[in-house]
2 protein chains.
Amino acid sequence: MVEANADEGTVTRHTPQDPRPTLDEVDRVLAETLRRDGRATNATLAKAAGIAESTCTARLRRLQTLGVVTGVHAVVDHVALGRPVEALVSVRFSGQRRRDFERLRAELPMLPGVLQLFHVSGANDYLVHVAARSTSELRDFVLDHLTGRPDVAHAETSLVFDHVRGQAPL
Amino acid sequence: MVEANADEGTVTRHTPQDPRPTLDEVDRVLAETLRRDGRATNATLAKAAGIAESTCTARLRRLQTLGVVTGVHAVVDHVALGRPVEALVSVRFSGQRRRDFERLRAELPMLPGVLQLFHVSGANDYLVHVAARSTSELRDFVLDHLTGRPDVAHAETSLVFDHVRGQAPL
DNA sequence: ATTGAAATAGCGTCAAT
DNA sequence: ATTGACGCTATTTCAAT
């Protein structure tokens, strides 16, 4: 048993496994380059980091295994794909039971239109980033999946007018 | 002149160019597959969409040109990369001058640590998603780049405990 | 762990439909 | 616009350091 918990189903999630190996400059260059262009070729990455291509292949595999690179994903235009209404919904919980948090965290990301889910400190507990096909679909989503939950005390919806990615290197 | 504006420098940004071409099922499959795995090979994508590889190459180029796929980026572990403190900062403006919005929108994404920037409706105007090396660096960021701005009336910082991506297809 | 070289797999061009 | 085949490039495996 590696990282188990006595209570039924309750798993405390620490980002990857504990013996966090040190990353050198090569790793950082690879991660950063791939963050900027997720389709950068192995040869490009190798050149950027100043290593052999075969080394690069191995390094990349390692970064994925370690959970330093958790995935690479295309960013798509929601309007073009039929979900022109984007919103951020702040959710406040009624209780503070750990189980409620875990259920929401597990279930919400599976729902169509959910882009991101933040668990945050402060007056609100969660922030849900969604893309909906219409304003009425957005309303239904909030009512059915957020306000409708017994553990949710309040939900407040803000429309997203604009959404841009950071450009600077990490 | 296609989409110009009389005022100096003031550009109204409509997501891509207006004659938005219709996307068929093939386009949607490609976008969706690439959204799930940004490093999917051309052959894989072609198979998923049921088209020839050469057609796939052309389709992909088209999707990028049209702005349907705006980029593909690796998701990295901020803790491993030395920025363990993640936060969402709500920013309220004092005035409502368009120029102020545009400046913030242009400048903030360039600052190191800024991950995303949302322009939202409601009591707050912007939501800034940042990753900092430490809590004190976070404080400095908010003071120097947000509260410090003359056009910013108020900034409220929430720590991000957890951040997950949506899993369902668009 | 890193490398270069050899084998494998993937890609884009093009002529044809 | 889509296709399959061909030539070219990129990637991975592997033996050696």
Side-chain angles (χ1 to χ4, degrees), chain A residues 2 15-77 79-82 169-170, chain B residues 15-82 169-170:
Chain A
V2 186
T15 350
Q17 50 276 26
D18 267 3
R20 195 182 285 283
T22 49
L23 304 182
D24 60 10
E25 187 57 22
V26 168
D27 292 313
R28 279 188 287 271
V29 171
L30 292 180
E32 184 57 35
T33 309
L34 216 41
R35 206 176 66 92
R36 233 189 300 258
D37 176 11
R39 282 184 91 76
T41 68
N42 187 58
T44 305
L45 292 163
K47 212 166 295 176
I51 56 178
E53 295 182 16
S54 50
T55 311
C56 194
T57 306
R59 287 282 192 143
L60 288 176
R61 239 200 305 268
R62 177 169 168 271
L63 287 178
Q64 288 198 248
T65 308
L66 293 177
V68 176
V69 172
T70 57
V72 13
H73 305 282
V75 177
V76 301
D77 178 14
V79 181
L81 283 161
L170 272 187
Chain B
T15 348
Q17 49 277 24
D18 268 2
R20 196 182 284 283
T22 50
L23 303 183
D24 59 11
E25 187 56 24
V26 168
D27 292 313
R28 278 187 288 271
V29 170
L30 293 180
E32 184 56 34
T33 309
L34 215 43
R35 206 175 66 92
R36 243 198 284 269
D37 177 10
R39 281 185 91 75
T41 68
N42 188 57
T44 305
L45 292 163
K47 213 166 294 176
I51 55 177
E53 295 183 17
S54 50
T55 311
C56 195
T57 307
R59 287 281 193 146
L60 288 176
R61 239 200 304 268
R62 178 169 168 270
L63 287 178
Q64 287 199 251
T65 309
L66 292 177
V68 176
V69 172
T70 58
V72 15
H73 305 281
V75 178
V76 301
D77 177 14
H78 302 129
V79 181
L81 282 160
L170 272 185

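Atoms considered below: every heavy atom in the structure, side chains included; atoms not considered: hydrogens, waters and symmetry mates. Since this is a predicted model, take the numbers as computed values, not measurements. In what follows, every chain begins at residue 1, and chains take the letters A, B, ... in the order their sequences are listed.
- Contact footprint of chain A on DNA chain C: nucleotides with an atom under 4.0 Å from a non-hydrogen protein atom, first to last in 5' to 3' order, dT2(C) to dG4(C).
- With sequence neighbours excluded, the residues satisfying side chain to side chain donor-acceptor pair (under 3.5 Å) with Glu32(A) are Arg35(A).
- Looking at heavy-atom distances under 4.0 Å, Arg62(A) makes no contact with the nucleic acid at all.
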- With sugar-phosphate taken as primed atoms, P, OP1 and OP2 and all else as base, the protein-contact string of nucleotides 9-15 of chain D at under 4.0 Å (heavy atoms; B, S, -) is --BBB--
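- The side-chain contact (heavy atoms from CB on, under 4.5 Å) check on Ala80(A) picks up Asp77(A), Arg20(B), Leu23(B), Val68(B), with sequence neighbours excluded.
- Formation of a donor-acceptor pair under 3.5 Å by the His73(A) side chain with backbone atoms of Arg36(B) is found in this model.
- Near-neighbour residues of DNA chain C inside residues 23-36 of chain B, defined by a heavy atom below 4.0 Å, are absent.
- Among residues two or more places apart in sequence or in another chain, the side chain to side chain donor-acceptor pair (under 3.5 Å) test is passed with Asp27(A) by Arg59(A), Arg62(A).
- Listed by chain and residue number, Thr41(A) satisfy the side-chain contact (heavy atoms from CB on, under 4.5 Å) test with Thr44(A) (two or more places apart in sequence, or in another chain).
- When the side-chain contact (heavy atoms from CB on, under 4.5 Å) test is applied to Thr70(B), the partners found at least two apart in sequence or on another chain are Val75(A).
- Overall, the helix from dA1(C)-dT17(D) to dT17(C)-dA1(D) carries an axis bend of 30° between its ends, with five pairs at each end and the value rounded to 10°.
- Proximity of a side-chain donor or acceptor of Arg39(B) to a complementary backbone N or O of Ala40(A) within less than 3.5 Å is detected.
- Legend: residues meeting side-chain contact (heavy atoms from CB on, under 4.5 Å) with Val69(B), ordered by chain and number and at least two apart, are Ala74(A), Val76(A), Leu63(B), Gln64(B).
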Could you tabulate the donor-acceptor pairs under 3.5 Å formed by side-chain atoms of residues 49-58 of chain B, not counting sequence neighbours?
{"residue": "Thr57(B)", "atom": "OG1", "partner": "Asn42(B)", "partner atom": "ND2", "Å": "3.2"}
{"residue": "Thr57(B)", "atom": "OG1", "partner": "Glu53(B)", "partner atom": "O", "Å": "3.1"}

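- Ala48(A) approaches Thr33(A) most closely through the heavy-atom pair CB-OG1, 4.1 Å.
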